[in-house]
Amino acid sequence: MPGYRRRPLALLAIALATVLGLVACTSSGGGGNTAQGAPGGAGDDSPMTISFEPADGSDAVAPRAPVPVTVEGGTLTEIALTNPEGKQVEGTLSEDKTAWQVAEPLGYGKQYTWSGTARDAGGKDVPVKGSFTTVNPSATNGVRSNVGDGNTYGIAMPISLTFDAPVKDKAAVEKALSVKTSPENEGAWAWLSDQSVHWRPKEYWQPNTEVEVNADLYGVHFGDGVYGDNDLAVTFSIGRAQIAKGNTQTHRFEIYRDGEKVADYPASYGRESDPNLVTRSGVHVVMSKHAKYFMNNPGYGYEDFEVAWAVRISNNGEFTHAAPWSVGDQGRANVSHGCINLSDANAKEFYDSALPGDPVEITGSSEQLSERDGLYHDWIYSWEEWQSFSALDG
């Protein structure tokens, strides 16, 4: 059984009712009418009704449906919903004992059986009996996250959920997603492909924000008979506000932490004679760090070229890293193949300070960062554009 979150009991309006115990009126010795099992009193002919949702014998029931049992004119004295293995499903009973519903998702393609007893106002017990079968998906679709439990990220970190297969009903999936932040950060979900939905704040995260992400997707219909394979819950933190600012024309790479400039390094950016090698302007995001990394670009004549203190800032091959061979050009000319070349000491200092999710803002180049440049290109869009990528109206 996948993980789940408990939900408070909500008494639902029942569309279909199965009457299991209507007690007919009988004549009393004094000639008056009394409804046995009803609230009682001369002339009161109110039966007890037991209602199921779904109705007894239903099939293709969604695993996340609350499947309530409700009683009118009586109470539930015993109630259980049992899976095919004989295990009782966890559920909640209302304080007045007139309604019960499940408190965990059900399995796929299984028959569940109700059992128990209801007691009418006259003290008569009536058995509770019934069954239904849950939906058997044509396929299931799993989800995974780029952020991990307990980790700390930079102020530009997007939340990325990636699915095992394309999602048909994006609106149904998006309705099952939530992001809670403390303090509050305005943000929104955006579908960047059929298999990927991202959440980012309107502006950079506020420093020291606590974030809780929930994707209650098990049992959700993704469309075309495909259902969610798993739930996902992640909590993480946003750290200090560090922003790296690089200018390809001044050949500088500056580091600001909590609004204060803490470093100013000479740098060499991608050479401008070849558009394939230009370091792109735009908001990059620190993706990963590597004390040693092997660069490969066979089209430009090198494979497994080792560099130190590499910090990946896009999926198009852009890194900051140590480049002792270009120290003479750093601060003066752009000679790299798109990376930000720094001295050994400066590259190590930036490597040590960087968090995944830190923004790296590049200006001055002839090429702009675009969606083709990798996973974390979320900040190339205006807030209005970003909101338009939601599958939900409004």
Side-chain angles (χ1 to χ4, degrees), residues 1-136 216 218-220:
M1 190 70 66
Y4 63 91
R5 293 177 60 84
R6 298 191 178 202
R7 291 170 173 75
L9 178 65
L11 298 182
L12 304 179
I14 306 301
L16 298 174
T18 302
V19 179
L20 298 185
L22 290 181
V23 183
C25 294
T26 60
S27 178
S28 68
N33 291 327
T34 303
Q36 299 176 7
D44 188 344
D45 193 20
S46 301
M48 177 176 71
T49 59
I50 304 170
S51 303
F52 298 110
E53 170 93 14
D56 181 24
S58 296
D59 58 12
V61 175
R64 270 209 142 83
V67 293
V69 179
T70 60
V71 175
E72 293 184 13
T75 58
L76 292 165
T77 55
E78 294 180 68
I79 185 67
L81 183 65
T82 306
N83 70 14
E85 291 76 39
K87 182 181 177 181
Q88 290 188 10
V89 175
E90 187 172 346
T92 56
L93 182 65
S94 64
E95 289 187 8
D96 62 3
K97 298 184 179 180
T98 63
W100 180 95
Q101 71 179 37
V102 297
E104 63 177 317
L106 305 177
Y108 286 123
K110 293 185 177 184
Q111 185 180 69
Y112 288 85
T113 304
W114 280 298
S115 62
T117 304
R119 181 169 297 162
D120 68 16
K124 181 175 181 178
D125 288 339
V126 176
V128 177
K129 295 186 294 184
S131 65
F132 63 87
T133 304
T134 53
V135 67
N136 192 16
D216 294 333
Y218 174 83
V220 172

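Minimum interatomic distance between S58 and A55 (heavy atoms only, all atoms of both residues): OG-O, 2.7 Å. The two atoms that bring V128 and F52 nearest to each other are CG1-CZ, 3.7 Å, heavy atoms only. A99 and L93 get closest at one heavy-atom pair: O-CD1, 3.3 Å. The shortest non-hydrogen separation linking V89 to L106 is CG1-CD2, 3.8 Å. Across all non-hydrogen atoms, the minimal contact from V135 to P63 is CG1-CD, 3.8 Å. Of all the heavy atoms in V71 and A118, the pair that sits closest is CG2-CB, 4.3 Å.
Separation of atoms OG1 (T113) and CG (D56) is listed at 9.5 Å; rounding is to 0.5 Å. Here the straight-line distance linking atom OG1 of T49 with atom CG of D120 works out to 11.5 Å at 0.5 Å rounding. With values rounded to the nearest 0.5 angstrom, I79 atom CD1 is found 6.5 Å from S115 atom OG. The OG atom of S131 sits 12.5 Å away from the OH atom of Y112 when rounded to the nearest 0.5 Å.
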Apply the test side chain to side chain contact (heavy atoms under 4.5 Å, CB included) to residues W100 and V102: give CA-CA distance (whole Å), side-chain angles for both, the deciding distance (0.1 Å), then the verdict. CA-CA 7 Å; W100 180 95; V102 297; 3.7 Å; yes
Give the intermediate values and the outcome of side chain to side chain contact (heavy atoms under 4.5 Å, CB included) for residues Q101 and T92. CA-CA 6 Å; Q101 71 179 37; T92 56; 4.0 Å; yes
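Among residues at least two apart or in separate chains, salt bridge (Lys or Arg N to Asp or Glu O under 4.0 Å) pairs with a member in residues 73-86 are E85-K110.
Side-chain atoms of Y218 do not come within 3.5 Å of backbone N or O of R64 as any donor-acceptor pair. Within the 3.5 Å criterion, the main-chain N or O of E90 finds a donor-acceptor partner in the side chain of E104.
Residues satisfying the side chain to side chain contact (heavy atoms under 4.5 Å, CB included) test with Q88, not counting sequence neighbours, are A80, T82. The side chain to side chain contact (heavy atoms under 4.5 Å, CB included) test applied to D125 returns T117, R119, not counting sequence neighbours. In this structure V220 satisfies the side chain to side chain contact (heavy atoms under 4.5 Å, CB included) test together with A172, A176, F222, sequence neighbours excluded.
The closest side-chain heavy-atom distance from V69 to I50 is below 4.5 Å.
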